[in-house]
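What follows is a short report on a single structure.
Bear in mind that the values here come from a model prediction, so they are computed numbers and not experimental data.
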Amino acid sequence: MVELLAAMDVRATFFMQGRWVEAYPETASRIARAGHLVGSHSFYHAPMPLLSESGLRADLAAAQRVISLLVGVESRPWFRCPFGLGWDDARVTEALTRCGYRHVGWDVVGYDWEPERSPEAIGAHVVDQVLARASDAVVLLHAWPEQTLEALPDLIGRLRVCGAEFVGVDELDRVPVAAEV
């Protein structure tokens, strides 16, 4: 994916899970070295509202420590709640704020984790949803489904023809908070 994004001159934001970074440190580092923005996606990928106060702090700290150590970048202030759960929970958002994070939601969901979704279906849905908006759109896609990688060239090309620019969330004037699927 890093090579494809580079070839298409696209900068993205990757929300990294701490356990994934431990398992794939070279891939995680390559993403950051390529100039993509790195945010945290927790350590365990547990639904944040289910964690205790100490569990929230421990999970956030573990992810931050691993990302900093193995990727070599600071993930703060960017955070995306696993499954989109917790962005509207005051206890979770207060814990995020205390730890120096802000939740980043999305405007368009690609549903690329669904195994039956074809690359064409992912691309058509994302392009239609982005073009239906009157403003910028943050699109939620995942790096691991094969169909996402297959969908990206056409999806990026179609949006670019319509004037879309591809940036990290740190370059946006408006960062969505809501994260409903």
Side-chain angles (χ1 to χ4, degrees), residues 1 11-25 27-29 31-32 36-117 122 125-126 129-130 132-133 135-145 147-148 151 166-181:
M1 179 167 291
R11 181 171 183 255
T13 302
F14 286 79
F15 291 94
M16 296 185 181
Q17 177 192 359
R19 290 186 318 155
W20 180 84
V21 170
E22 285 183 332
Y24 303 99
T27 301
S29 293
I31 289 167
H36 300 290
L37 182 64
V38 173
S40 176
H41 194 45
S42 81
F43 188 82
Y44 289 108
H45 202 265
M48 303 306 276
L50 298 181
L51 299 177
S52 66
E53 292 297 322
S54 62
L56 280 167
R57 282 192 309 274
D59 188 86
L60 294 170
Q64 190 277 328
R65 184 177 59 255
V66 168
I67 292 168
S68 177
L69 178 68
L70 298 179
V71 181
V73 297
E74 175 61 60
S75 58
R76 287 177 286 209
W78 314 110
F79 186 86
R80 177 161 287 157
C81 288
F83 311 103
L85 299 174
W87 68 269
D88 58 349
D89 182 314
R91 193 176 61 83
V92 172
T93 58
E94 287 169 14
L96 290 172
T97 300
R98 279 193 306 273
C99 292
Y101 289 105
R102 65 188 275 199
H103 181 264
V104 178
W106 53 81
D107 301 303
V108 174
V109 180
Y111 300 103
D112 58 337
W113 64 87
E114 296 175 349
E116 68 278 358
R117 299 274 290 187
I122 293 166
H125 176 74
V126 168
Q129 293 299 305
V130 168
R133 295 184 51 78
S135 62
D136 297 339
V138 172
V139 178
L140 171 66
L141 293 170
H142 296 80
W144 53 267
Q147 62 264 34
T148 304
F166 298 88
V167 299
V169 297
D170 59 335
E171 298 175 75
L172 297 175
D173 293 329
R174 176 198 66 86
V175 176
V177 176
E180 296 185 67
V181 176

Start with the C-alpha distance between Met1 and Thr148, add both sets of side-chain angles, then the distance that settles side-chain contact (heavy atoms from CB on, under 4.5 Å), and finish with yes or no.
-> CA-CA 9 Å; Met1 179 167 291; Thr148 304; 4.2 Å; yes
Just how far is it from atom CH2 of Trp78 to atom CE of Met16, taken to the nearest 0.5 Å?
-> 15.5 Å
Can you measure from CH2 (Trp87) to OG1 (Thr93) and round to the nearest 0.5 angstrom?
-> 10.0 Å
What heavy-atom pair brings Trp106 and Gly84 nearest, and what distance separates the two atoms?
-> CH2-CA, 3.7 Å
Please name the pair of heavy atoms, one in Ala32 and one in Val38, separated by the smallest distance, quoted to 0.1 Å.
-> CB-CG2, 4.1 Å
From CA spacing to verdict: side-chain contact (heavy atoms from CB on, under 4.5 Å), Arg80, Thr13 | CA-CA 11 Å; Arg80 177 161 287 157; Thr13 302; over 6 Å; no
For Gln147 and Pro115 the tightest heavy-atom approach is NE2-CA, 3.9 Å
Would you sort out whether Asp170 and Arg11 count as a side-chain contact (heavy atoms from CB on, under 4.5 Å), showing the intermediate values?
-> CA-CA 11 Å; Asp170 59 335; Arg11 181 171 183 255; 2.8 Å; yes
Output all residues satisfying ring-ring contact (aromatic ring centres under 6.0 Å, His included) with Phe43, sequence neighbours left out; order by chain, then residue number.
-> none
Could you name each residue pair satisfying side-chain hydrogen bond (donor to acceptor under 3.5 Å, both in side chains) that touches residues 43-52, not counting sequence neighbours?
-> His41-His45, Ser52-Ser54
To the nearest 0.5 Å, tell me how far Ser40 OG sits from Leu96 CG.
-> 9.0 Å
Rounded to the nearest 0.5 Å, what separation is found between the CG atom of Leu51 and the CZ atom of Arg57?
-> 11.5 Å
After noting the C-alpha distance and the side-chain angles of Val138 and Val175, does the key distance pass the side-chain contact (heavy atoms from CB on, under 4.5 Å) rule?
-> CA-CA 8 Å; Val138 172; Val175 176; over 6 Å; no
Is there a donor-acceptor contact under 3.5 Å from the side chain of Asp112 to the main chain of Leu141?
-> no
List the atom of Gly18, the atom of Val66, and the distance in Å for their closest heavy-atom pair.
-> O-CG1, 3.6 Å
Ser68 (side chain) donor-acceptor with Arg65 (main chain) under 3.5 angstrom = no
Exam field: side chain Glu94 to backbone Arg91, donor-acceptor pair closer than 3.5 Å | no
Write down the atom of Val71, the atom of Val21, and the distance for their closest heavy-atom approach.
-> CG2-CG1, 3.7 Å
Between the side chain of Glu74 and the main-chain N/O of Arg76, is any donor-acceptor distance below 3.5 Å?
-> yes
Nearest-0.5 Å distance, OH of residue Tyr101 to SG of residue Cys81 | 12.0 Å
Are the side chain of His125 and the backbone of Val108 linked by a donor-acceptor contact shorter than 3.5 Å?
-> no
Could you tell me the separation between the CE atom of Met48 and the CZ atom of Phe79, rounded to the nearest 0.5 Å?
-> 4.0 Å
Closest non-hydrogen contact found for Asp136 with Arg174 is O-NH2, 3.2 Å
